[in-house]
There are 2 protein chains.
Amino acid sequence: MPNGAHALIRTLVDAGITTCFTNPGTSEIQLVAALDSVPEMRAVLTLFEGVATGAADGYARMADAPGATLLHLGPGLGNGLANLHNARRAGVPVVNIVGDHATYHTPYDAPLQSDIETIARNVSAWVRTSRNSDELARDAVDAITVATGPPGRVATLIVPADVSWQNGARPAAPSRLVEPLPASAETIDAVAGAIRGGRRTGILLGGKALRERGLVAAARIAAATGTKLFAEMFPARLERGAGLPAVERLAYWPELASAQLAGLDHLILAGAQAPVTFFAYPGEKSSLIPDGCQVHELSAPQSDVVASLEALMEALDARDAVPALQPPGRPPRPDGPLTAEKVCQAIGAILPEGAIVSDEAITSGVALPPNTAGAPRHDWLTLTGGAIGQGLPVAVGAAIACPDRPVIALQADGSAMYTIQSLWTMAREQLDVTVVLFNNRAYKILDVELERAEMHDAGPRVTALLNLGDPDLDFVSLGTGCGIPSQRVDTAEVLKRVLERALAEPGPHLIEVVVPAS
Amino acid sequence: MPNGAHALIRTLVDAGITTCFTNPGTSEIQLVAALDSVPEMRAVLTLFEGVATGAADGYARMADAPGATLLHLGPGLGNGLANLHNARRAGVPVVNIVGDHATYHTPYDAPLQSDIETIARNVSAWVRTSRNSDELARDAVDAITVATGPPGRVATLIVPADVSWQNGARPAAPSRLVEPLPASAETIDAVAGAIRGGRRTGILLGGKALRERGLVAAARIAAATGTKLFAEMFPARLERGAGLPAVERLAYWPELASAQLAGLDHLILAGAQAPVTFFAYPGEKSSLIPDGCQVHELSAPQSDVVASLEALMEALDARDAVPALQPPGRPPRPDGPLTAEKVCQAIGAILPEGAIVSDEAITSGVALPPNTAGAPRHDWLTLTGGAIGQGLPVAVGAAIACPDRPVIALQADGSAMYTIQSLWTMAREQLDVTVVLFNNRAYKILDVELERAEMHDAGPRVTALLNLGDPDLDFVSLGTGCGIPSQRVDTAEVLKRVLERALAEPGPHLIEVVVPAS
């Protein structure tokens, strides 16, 4: 009879979880040892847990299957918390396995003792500490069931070391997946009635509504009824590009988002939360819903939003409407000294078919949407929860989920430094990731926020806190230090050449573009 | 009347908190802006919150005053959690100021919304969300009071953005410090009785008992009574070197620690917890207390352990006993190709008077204690809570607390990568830190743990998970990328020269020593 660790790994594999992102320690040593006895499980080593949790998120977004982590006690989970926050906001399934001290060791308050359940609770829909090796495999099945949903959630299973090492455990069979249902006929009727009412209506699409099937259904509705379509501010995964319905994302800055939604009488939420400003500002409203606009939820989080949109399309007799599709189109290939906008143009000019873009370019990326809209079809992954340091890990996970697709990480300098260790995992696993590092040597977004707060005359200390120069971060050295071929480019001509070569060659590459901060 | 942010910063400064380690965001923008109006506050920018919290710990250890952080919402606190765990274990005072959304924004569940109090609770003795700017300054005083103790604790004050920006706030005066009291006469009598009983006794010293006054009192007791002295396994700060009483630290591996304590009839805890193995192992006891050994607590955590030791010394008529002091002595200066042991010898041969050593060398550092014991007087700071990634941040904080003393960070490769962003803050602040990076290209300690678990025949996947080569991390590039003069050395001759030069020059230096893993 195998020990708990073996039964756990076997149970995960039998449920289809064949990749885990890890940074293990002594309390996980039995789980590590079990990996060689279950060859179907691929363990991807990260040098920091924030990389593991972000990679699990990126994997889940692209695989439509649970991303899994193996973490070391409370501090390991703590290190992974920010990207688990983002995963929770992305609504993807993530299963965390967190090692703990042996059950009998806990009362002794050893140095690494902490309250893991409390840490986990913040991001997890489900937390359980397994109590013995007999139950461990069934606990794992429960974790997978909760994580898989619908909707996708974060589930955290804490595994004491003795529960791992005790023999007599048995793997457990996976549970049946729950098929999500479309919205009720009453809901569809009510929403269809609102749209048919002839007033100004909009649909805010989120989650899986931003995949092709959902987009096409929504675009047919729009074509038949004049309803406007919007995408949520920070989608987990947006399918876009030539031949797909193009949907405008809700803007980050409140005044721009308000302008987008202005005048709507009805706003239909299709897989998205009610729109709200990212931060609060003195004297400004938090809600982005226009005054007098009525909000309708098309489908609950546990429902099938795509089927709901298709049912709505049928109810509106829109199935034969011709959806507006994005025509192919590339921006002109830029020349001359680099600016952030020219980098965005170069990316739009070169973005390959089937690319997966992990976008954490922040202020340097404002010109990305228009410049890439008509590029060949691709997936766009964004910073769902606002906890920066997600872009590089998500690229790791996406590349592992989709080894045949090129991954492009568009990455701001400040955010990159949170999980810079991701570069090493890209090198070790020889992932086909091209990192375009926008180095504007500033936390530029905070500069904008200072302006918005009407603190135009920032003193020297404030200025210093927003400035990432002094000394300048040298991302070519950082990339080289992690084993990735890295190059700095100064002109658009060189950028185009280097970007095309990086995409043509297998394995990871880093391209640092030093761009002005404004 | 100033706004809440200004009143808060002024209150911190008035209470003696004049340094904060930060990585701020939009919700802290008012606090950032207030920095220029309170020039006594020095804000040290870090690129990742784990650096900020570890630096606050290192600062508190050396300044004997609260270390302070300014963090960004739940994810920022989450990123700092591992080193707050270590700070909690170090028993040092830390005050976290964590920005939050405006109070009225919270119900809207914006992307960065999370339950900050829950995250904070894991490491904090005190958590409060300030409710309005009138109360903010008094809330800060309460936080400082709890943090200062005794004993030193972590206190977390959550500051919603509107509480920062509202006007009408007033700074609050600091509260009176609580002076810790020595142990009661009854306790002293009981402990003195145990020592006088003539059986084998030992004192386990921890916390402030490991500073000169405590060490000397304990050494006089030892000289007068034959009592053995031990230091806790991972001290926050151990004063040691030539001319101070030398105290053996409790070993990490259970069998070695058990051998140290074997045969004791009485164990007296002086500022230390009852000794326990770091991890649990199948079939082994968690407690390191020998069977039949009676444990006595000399002073409670909130008491003055040094005064208690001195009272015990008086009770034992040991005040005139001559304490055994460490004679001066340096190891021979090593030559030839480097090994971890030769690096430890070189450090012992060169360690300057008054140095502060931040030790996270893990397995590469096993030869450090004997090789540095007779070096000129210095402070030794260790990984108190076992959450790796603490060594470099603690060095940052120690260097800021003690700008006139050389700081040496003895750092293992695997742990370094958790908070490698520390290097940039060392460069920005031009801290006098010499980082000696032991690169053995492995999580060597896990290899040892595998052996201990009798899994001698680790398969290829397990081996890969413990191996940090493939690709090799290049710390010279990583240091250069963060703006630190960095050099790799291969021989002991070069190491000695480079180490002496690094210590002679102001500002940070990184020396990478590639050493065999075994």
Side-chain angles (χ1 to χ4, degrees), chain A residues 24 26-27 29 32-33 35-36 43 45 47-48 74-75 78-79 81-82 85 89 101-102 104-105 108 110-112 114-115 118-119 121-122 161 165 234 276 278-280 282 286-287 385-387 417-418 421 427-428 446 449-450 453 455 459 461-462 465 470-471 473-474 477-478 480-481 483, chain B residues 24 26-27 29 32-33 35-36 43 45 47-48 74-75 78-79 81-82 85 89 101-102 104-105 108 110-112 114-115 118-119 121-122 161 165 234 276 278-280 282 286-287 385-387 417-418 421 427-428 446 449-450 453 455 459 461-462 465 470-471 473-474 477-478 480-481 483:
Chain A
T26 298
S27 42
I29 206 81
V32 168
L35 290 170
D36 274 299
L45 181 62
L47 299 182
F48 175 69
N79 284 335
L81 213 58
H85 169 86
R89 290 295 180 181
H101 283 311
Y104 61 81
H105 196 58
Y108 291 90
L112 269 167
S114 71
D115 176 359
T118 295
I119 301 177
R121 201 152 283 131
N122 199 269
W165 76 53
F234 290 106
V276 53
F278 203 87
F279 288 106
S286 293
S287 171
M417 287 308 293
Y418 278 67
Q421 307 89 342
R428 166 167 278 206
L446 295 184
E449 295 282 9
L450 267 183
M455 294 182 272
R461 288 128 166 284
V462 175
L465 281 185
D470 186 20
L473 284 158
D474 166 358
S477 290
L478 293 171
T480 304
Chain B
T26 298
S27 42
I29 206 80
V32 169
L35 289 171
D36 273 299
L45 181 62
L47 300 182
F48 175 70
N79 284 336
L81 214 56
H85 169 85
R89 291 294 181 183
H101 284 311
Y104 60 81
H105 197 57
Y108 291 91
L112 269 166
S114 70
D115 177 0
T118 294
I119 301 176
R121 202 152 282 131
N122 199 268
W165 76 52
F234 290 107
V276 53
F278 203 87
F279 287 107
S286 293
S287 171
M417 287 307 294
Y418 278 68
Q421 307 90 342
R428 165 166 280 206
L446 295 184
E449 294 282 11
L450 267 184
M455 295 180 272
R461 287 127 169 283
V462 174
L465 281 184
D470 185 21
L473 285 158
D474 166 359
S477 289
L478 293 170
T480 304

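Below, chains carry the letters A, B, ... as their sequence lines are ordered, and counting in each starts from 1. Every value quoted in this text rests on a predicted model; they were computed, and no experiment measured them.
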**Fill in**
Heaviest contributor of heavy-atom pairs below 4.5 Å to chain A, chosen from B/Ala280, B/Pro24, B/Ala387, is B/Ala280

**Test side chain to side chain contact (heavy atoms under 4.5 Å, CB included) applied to A/Tyr108 and A/His101, step by step** = CA-CA 10 Å; A/Tyr108 291 90; A/His101 283 311; over 6 Å; no

**Message:** So for A/Leu45, is it side chain, backbone, both, or neither that comes closer than 4.5 Å to the heavy atoms of chain B?
**Reply:** both

**Prompt:** Top residue by heavy-atom pair count (under 4.5 Å) with chain A, among B/Ser287, B/Ala161, B/Ala102?
**Reply:** B/Ser287

**Message:** What part of A/Ala33 gets within 4.5 angstrom of chain B, counting heavy atoms only: side chain, backbone, both, or neither?
**Reply:** both

**Asked** Where does B/Ala43 contact chain A at under 4.5 Å (heavy atoms): side chain, backbone, both or neither?
**Response** both

**Message:** Is B/Val32 in contact with chain A via its backbone, its side chain, both, or neither, using a 4.5 Å heavy-atom distance?
**Reply:** both

**Fill in**
When every non-hydrogen atom of A/Ser114 is compared with those of A/Ile119, the smallest separation belongs to OG-CD1, 4.3 Å

**Message:** I'd like to know which of A/Ser477, A/Gly459, A/Pro111 tops the heavy-atom pair count under 4.5 Å against chain B.
**Reply:** A/Pro111

**Worked verdict on B/Thr480 versus A/Thr480 for side chain to side chain contact (heavy atoms under 4.5 Å, CB included)** = CA-CA 11 Å; B/Thr480 304; A/Thr480 304; over 6 Å; no

**Request:** Search all heavy atoms of A/Asp470 against all heavy atoms of B/Arg428 and return the closest pair with its distance.
**Result:** O-NE, 3.1 Å

**Message:** Counting heavy-atom pairs under 4.5 Å with chain B, which one of A/Leu446, A/Val276, A/Leu81, A/Thr26 comes out on top?
**Reply:** A/Thr26

**Item:** Shortest non-hydrogen contact between B/Gln421 and A/Gln421, atoms and distance
**Value:** NE2-NE2, 3.9 Å

**Item:** Heavy-atom closest contact (A/Asn79 atom, A/Phe48 atom, distance)
**Value:** CG-CE1, 3.4 Å

**Request:** Search all heavy atoms of A/Leu112 against all heavy atoms of B/His85 and return the closest pair with its distance.
**Result:** CA-NE2, 3.8 Å

**Prompt:** Among A/Leu465, A/Thr118, A/Leu35, who wins on heavy-atom pairs under 4.5 Å with chain B?
**Reply:** A/Leu465

**Request:** Heavy-atom distances under 4.5 Å only: say whether A/Arg89 touches chain B with side chain, backbone, both or neither.
**Result:** side chain

**Request:** In sequence, state the C-alpha distance, the side-chain angles, and the governing distance for B/Arg121 and A/Asp115, and then conclude on side chain to side chain contact (heavy atoms under 4.5 Å, CB included).
**Result:** CA-CA 9 Å; B/Arg121 202 152 282 131; A/Asp115 176 359; over 6 Å; no

**Item:** For chain A, the option from B/Ser27, B/Pro75, B/Gly74 that forms the most heavy-atom pairs under 4.5 Å
**Value:** B/Pro75

**Prompt:** Looking at B/Ala82, B/Gly483, B/Gly385, which one has more heavy-atom pairs under 4.5 Å with chain A than the rest?
**Reply:** B/Gly385

